[in-house]
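Have a look at the structure below before the remarks.
Numbering starts at 1 and runs along the sequence shown.
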Amino acid sequence: MRIPFEDRRDNMRRRWTDIKKINEFRFHELYELIEDCNELGKDEFSQLQGLIEKKLNIFNATQSTY
């Protein structure tokens, strides 16, 4: 089990390496969850696919503003 990353510095500013570690942790966590969802039915898979597309669209919209 991985230990979640925590930023413990006083000023709470994150370095780009901290953000990279957080993103890598989230990627691996999501990858493992997707690998574990082999038992989804057709309806559940369709709901999951819709949710993922919605989240990706929101993410892409927020990232394009930077």
Side-chain angles (χ1 to χ4, degrees):
M1 178 176 187
R2 286 188 206 88
I3 299 172
F5 177 82
E6 293 183 26
D7 191 353
R8 296 181 184 264
R9 290 176 283 161
D10 292 336
N11 60 6
M12 299 304 289
R13 292 181 57 209
R14 294 187 174 156
R15 299 172 296 219
W16 69 270
T17 54
D18 297 340
I19 294 170
K20 182 179 175 186
K21 287 178 188 177
I22 291 169
N23 289 340
E24 287 174 359
F25 173 76
R26 289 179 181 162
F27 171 81
H28 290 293
E29 184 178 44
L30 181 60
Y31 183 84
E32 289 174 0
L33 288 172
I34 291 171
E35 285 291 317
D36 292 340
C37 68
N38 293 332
E39 299 177 13
L40 290 178
K42 184 178 179 180
D43 293 335
E44 293 167 326
F45 182 75
S46 296
Q47 289 177 344
L48 178 61
Q49 186 177 12
L51 179 63
I52 291 171
E53 288 175 4
K54 179 181 172 184
K55 294 290 184 177
L56 284 174
N57 289 336
I58 292 170
F59 175 77
N60 288 333
T62 58
Q63 293 300 310
S64 65
T65 59
Y66 291 110

Asn57, Leu56, Ile58 screened by side chain to side chain contact (heavy atoms under 4.5 Å, CB included) with Lys54, the one that passes = Ile58
request  = Check whether any side-chain heavy atom of Gln47 sits under 4.5 Å from a side-chain heavy atom of Leu51, and report yes or no.
outcome  =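 Gln47 does not reach Leu51 side chain to side chain.
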request  = Can you sort out the partners of Leu30 under side chain to side chain contact (heavy atoms under 4.5 Å, CB included), two or more places apart, ordered by chain and number?
outcome  = Ile34
